[in-house]
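Chain letters run A, B, ... following the sequence lines, proteins first, then strands; residues in each count from 1.
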Amino acid sequence: MSHGYQAVGWSPFKKRYDLVLGGLLAGYLALFSLATLLLRPEITAETLLIRAFGTAALLLLHAVLAIGPLARLDGRFLPLLYNRRHLGVTMFLAALVHGALATFQFHALGDAPPLVSLLASNTRLDSLSQFPFQQLGLAALLILFLMAATSHDFWLAQLTAPVWKALHMGVYLAYALIVAHVALGALQDERSPLLAGALGAGVVAIAGLHLAAGRREAALDRERRAAGADGFVEVCGVDEIAEGRARVVTLGGERVAVFRYEGRLSALSNVCRHQNGPLGEGRIVDGCVTCPWHGYQYLPASGASPPPFSERVPTFRVRVVDRRVFVDPRPLPAGTPVAPAVVSESGGGG
Amino acid sequence: MLAAHRRAHRWIWLLLAPALAALLVAALAARPEWPRRPLDPAAAERAGADDLEPEGAPPGERAP
């Protein structure tokens with residue numbers, strides 16, 4: 001292997017996260033089962049478990065999808081982003097139990113093998129009420145399996161961050177398939193408005209959050225700044241950048257983070273090498289730019305991670321004139337040292 | 001996040017949101033007027049269902 005394999009790096013935060021997650025899941029399954037038994041005492045154990053794990057997976061998927069845009073819109077949700085993959089893997093496992101039980105319940109006792117029966121027993125593609133919704137669920141499960149199987153950082157390193165991110169955007173296709181699976185499956189039989197209302201509310205919430213976050217990001221992407229004769233672009237005033245923090249601007253279509261630290265300014269790419277997190281929303285810790293998502297660090301003057309780590313991000317030339325910050329939008333190769341601009345108290349700098 | 005990923009996210013949801021809304025509306029509108037044959041007819045009878053299809057009637061067709 002070209003990359004060393006490391007088991008999960010358990011930390012107190014991760015353990016707490018997983019304990020809470022496991023407890024919430026167990027509590028939900030217990031409550032759902034109790035409520036169903038009270039309302040429908042005639043239900044069989046298999047049907048109860050199928051519905052319990054199916055609804056649990058659906059709720060977990062909505063939570064997973066909501067965390068991203070929530071963290072974009074409000075930084076207080078960032079801690080939920082740190083171990084979101086744990087949530088995703090748990091959701092896949094719940095969906096797997098649901099799928100396995102349903103396949104056994106409805107397809108295991110016939111002449112054909114269960115998977116063949118699942119794929120071939122219903123071909124009514126011309127009817128919405130009789131649509132082969134189980135195949136939609138199977139397709140979603142396969143996508144979720146691919147994502148769960150590649151959720152470890154080993155695959156992130158092997159595939160590179162942009163490819164890994166593109167693969168994991170398959171969650172949106174999986175979500176569409178699962179909404180269709182429920183809408184054309186359980187919703188066709190369920191007479192209570194609760195399921196239809198909950199599913200509709202979930203779709204509206206997830207779509208609304210993503211559209212709101214996308215609108216905010218699009219406004220930042222539309223920023224246009226004119227370059228001077230020397231090619232440098234004025235981005236902000238020195239006093240607009242807090243000590244140890246950054247100002248993020250869009251230059252040449254990409255985000256650039258200008259950090260202020262110890263009377264100096266440095267500019268580097270806003271995109272973390274790990275999972276493309278927003279470096280500019282982090283802060284300077286122990287002299288290093290620290291990504292707010294997973295703590296990856298980079299030296300501000302060179303964009304290189306401190307030894308023994310090897311990640312690098314592109315850097316940008318920066319200068320200060322009359323306490324106004326100017327950045328050259330042409331990125332330098334990742335890890336290129338750039339002399340920081342000095343911020344003097346009397347105004348002006350280099 | 002890279003600019004390309006941001007654009008992809010925006011386009012995905014601009015397309016997905018109305019598609020999912022249409023799917024939900026279509027699925028609700030397509031629901032049959034009568035319930036499908038339940039797995040346990042005796043249980044449905046206890047629950048008060050009085051418009052079950054008789055034994056052997058194919059789904060989607062009313063009883064004679």
Inter-residue atom distance [X].[atom1] - [Y].[atom2], 0.5 Å rounding:
X: B:Leu23; Y: A:Leu184; atom1: CG; atom2: CG; answer: 5.5 Å
X: B:Arg6; Y: A:Arg216; atom1: CZ; atom2: CZ; answer: 11.5 Å
X: B:Trp13; Y: A:Leu65; atom1: CH2; atom2: CG; answer: 6.0 Å
X: A:Lys165; Y: B:His9; atom1: NZ; atom2: NE2; answer: 6.0 Å

Residues from residues 166-176 of chain A approaching chain B under 4.5 Å (heavy atoms):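 A:Ala166, A:Met169, A:Tyr172, A:Tyr175, A:Ala176 fall under the 4.5 Å cut-off.
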Using non-hydrogen atoms and a 4.5 Å limit, figure out which bit of A:Ala213 sits close to chain B: side chain, backbone, both or neither.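 For A:Ala213, no heavy atom lies under 4.5 Å from chain B.
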Structural part of A:Val203 lying under 4.5 Å from a heavy atom of chain B: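 Just the side chain, heavy atoms under 4.5 Å.
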So, for [X] and [Y], which heavy atoms are closest and what is the spacing to 0.1 Å?
X: B:Ala30; Y: A:Leu128; answer: CB-CB, 3.6 Å
X: A:Ala183; Y: B:Leu24; answer: CB-CD2, 4.1 Å
X: B:Arg31; Y: A:Gln188; answer: CA-OE1, 3.4 Å

So what's closer than 4.5 Å to chain A heavy atoms on B:Ala19: side chain, backbone, both or neither?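 For B:Ala19, there is no contact with chain A at all, as no heavy atom is under 4.5 Å.
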Non-neighbouring partners of B:Arg7 that pass side chain to side chain contact (heavy atoms under 4.5 Å, CB included), sequence neighbours left out: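 Partners of B:Arg7 under the side chain to side chain contact (heavy atoms under 4.5 Å, CB included) test: B:Ala3, B:Ala4, B:Arg10.
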More than 12 heavy atoms of other groups within 6.0 Å of A:Arg40 CZ: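 Check fails, neighbour count at 12 or below.
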